[in-house]
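Below, read A as the first sequence line, B as the second, and so on, with proteins coming before strands; counting in each chain starts at 1.
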There are 2 protein chains.
Amino acid sequence: MARLPLYLRALSALSERGVPTVSSEELAAAAGVNSAKLRKDLSYLGSYGTRGVGYDVEYLVYQISRELGLTQDWPVAIIGIGNLGHALANYGGFASRGFRVAALLDADRAVAGQRIAGMVVRHMDDLEQIVRDDRVSIGVITTPAPAAQGVCDRLVAAGITSILNFAPTVLAVPEGVDVRKVDLSIELQILAFHEQRKSATDAGPTLPPTAPPPAGTAARGDRGGDLPEVMPA
Amino acid sequence: MARLPLYLRALSALSERGVPTVSSEELAAAAGVNSAKLRKDLSYLGSYGTRGVGYDVEYLVYQISRELGLTQDWPVAIIGIGNLGHALANYGGFASRGFRVAALLDADRAVAGQRIAGMVVRHMDDLEQIVRDDRVSIGVITTPAPAAQGVCDRLVAAGITSILNFAPTVLAVPEGVDVRKVDLSIELQILAFHEQRKSATDAGPTLPPTAPPPAGTAARGDRGGDLPEVMPA
DNA sequence: AGGCTTTTGTGAACGTGTGCACAAAGCTGA
DNA sequence: TCAGCTTTGTGCACACGTTCACAAAAGCCT
Ligand SMILES: NC(=O)c1ccc[n+]([C@@H]2O[C@H](COP(=O)([O-])OP(=O)(O)OC[C@H]3O[C@@H](n4cnc5c(N)ncnc54)[C@H](O)[C@@H]3O)[C@@H](O)[C@H]2O)c1
Ligand SMILES: NC(=O)c1ccc[n+]([C@@H]2O[C@H](COP(=O)([O-])OP(=O)(O)OC[C@H]3O[C@@H](n4cnc5c(N)ncnc54)[C@H](O)[C@@H]3O)[C@@H](O)[C@H]2O)c1
């Protein structure tokens, strides 16, 4: 379940505040989900709440941590130490949850060798060896989009089966390899879409809900005239 | 539809390569989705393909751009110019799709005044004015988690109705405000979860699929002894 | 000790998204 | 002009996730 990390975060906060137990209602509110959904999720991991009382916070934290595999540490390698790679390398939020930045790598020999966040950036030549020696299990790709697939292939060849991709590309991977992507532009575009909807309904039907296609002849052919050249490159 | 940006990206790539038309099958492969799904998605926006030929790339790019509201530009403000805020400010991928970084803001007076990516970082005091004058419609929150809700409230009060949140918190917002979150730790935890599943099935049932709760007496009470203190803070 | 209150765990209905499969539509070439 | 081929658009069935609602369980108070 993809919501477990959310619950875990809310529970950790409660735990820090010394709260001993929590009801599904409270926890659901903190995580921003429906309480029935939360209870069903928790029941999946065979968890035990106490009727009339709620869930024991500490116990639940432990259970979810174990279910997510957070009781062991996961060495992470970051590939492509540019703007974003820098930020991630300097980010302290990883270590607190069992993730350890084991290596930073870059193809640029001017970047390799630099010290960032207390680590020396390694060159891509050493990738396979680093993965092997440090038992890296998760690769984070922060290279430019054109390089992402190549890097991905090398990571997979080196034995990595979990990849977090920040480059705006669809990565092709063999079966058994998990890829998750974080895509800024897509998030912004979705926001823009909703924003447009809002202003459209506010200001009346300037844009019809369903855009009528160019009538008559065809959707193809000579349309050079009526297409403003506003489309993004 | 949250997949439109994906299609748009694939289409833009095709457009740059001069490809005039594309079949649903090809486009679906490029976007990593099912072809029937893609056709259904496109049919929602009343789009016109040509049977026996496929879709006109340029026309589709225009249609999707318009549907997503990408024919206008969206001024974006980034709040919290630390590691991540820096990276985003320096990122060139926004402008290419109609998003314009209109302002960088920070609460730290040592940060405000700095030039980053050709812009001067403004102080939070000016937030309301900047939002008003520059017609900022999307706010990006890259402050530490504890500050996020406060910043969010101010953005909403200033009239912003679309927020992209990088801080690991659930933001409470009034109806009509859209929040999308990008959460690194959650992505990593999901990867770790699957990774653990994989190694568990490989190496036999070291961890049972369903974790049996502590038997007998209760799930509560004296459990100080059998809980290893490995849970993340 | 027994009833009352609180809260879990879950059965069942519902809505949504997904994918198959096929008929209709349009192009191409003879 | 017409047959044949390709590809779209969509009806339909299915699977999944979500939510409601309620009975059973546990604690608490008298
Ligand atoms: N910076 C952001 O805020 C941001 C936001 C969203 C998405 N992205 C995406 O993240 C990726 C990185 O962005 P960035 O701004 O950090 O770019 P960048 O150009 O600053 O950094 C890219 C780094 O990758 C290295 N690199 C290039 N090819 C490589 C290869 N084959 N192997 C290893 N390393 C290689 C380069 O040497 C460079 O250091 C891009 O795909 C970008 O689209 C960035
Ligand atoms: N750096 C990363 O790679 C990364 C990754 C995932 C998530 N995050 C999250 O993104 C957020 C920012 O991370 P970071 O590494 O850039 O942190 P950072 O500490 O480097 O930067 C935070 C910035 O926000 C400013 N700030 C603090 N309170 C503010 C307020 N009330 N109003 C306006 N500005 C304020 C600070 O002055 C600072 O410049 C954090 O919530 C972090 O958890 C960061």
Residue pairs passing the salt bridge (Lys or Arg N to Asp or Glu O under 4.0 Å) test where at least one lies in residues 151-173 of chain A, sequence neighbours excluded: A/E128-A/R154
Euclidean distance, atom CD of residue B/E26 to atom C1' of D/dT7 [Å, nearest integer]: 11 Å
Protein-nucleotide distance (A/R51, atom CZ; D/dA25, atom C1'), rounded to Å: 5 Å
Length of the NZ-C1' vector between A/K37 and C/dT7, whole Å: 20 Å
Validation row: A/N165, A/V140 side chains within 4.5 angstrom (heavy atoms): no
Nucleotide C/dG9, atom P - distance to CD of A/E25 in whole Å: 14 Å
4.5 Å side-chain heavy-atom contact, B/R9 and A/S185: yes
B/Y48 OH - C/dC27 P separation (whole Å): 13 Å
Any donor-acceptor N or O pair under 3.5 Å, side chains A/Y62, A/E58: no
C/dT18 OP1/OP2 closer than 4.0 Å to side-chain N/O of B/R3: yes
Side-chain heavy atoms of A/L184 within contact of B/F166, under 4.5 Å: yes
Residue pairs passing the salt bridge (Lys or Arg N to Asp or Glu O under 4.0 Å) test where at least one lies in residues 138-148 of chain B, sequence neighbours excluded: none
Atom pair distance, as rounded to whole Å: OH in A/Y7 and P in C/dT8: 13 Å
Between the first and last five pairs of the helix from C/dA1-D/dT30 to C/dA30-D/dT1, the angle of the axes, rounded to 10 degrees: 10°
Ring geometry between B/Y91 and B/F94 (parallel below 30°, tilted from 30 to 60°, perpendicular above 60°): perpendicular
Among D/dG9, D/dG27, C/dT8, the nucleotide that comes nearest once only the side chain of A/V53 is considered: D/dG27
Residue-phosphate contact under 4.0 Å: A/S23 side-chain N/O, C/dT7 OP1/OP2: no
Spacing between A/Y55 atom OH and D/dA25 atom P, to the nearest angstrom: 16 Å
Value in whole Å for how far the P atom of C/dT18 lies from NZ of B/K40: 10 Å
Under 4.0 angstrom between B/N34 side-chain N/O and C/dC20 OP1 or OP2: yes
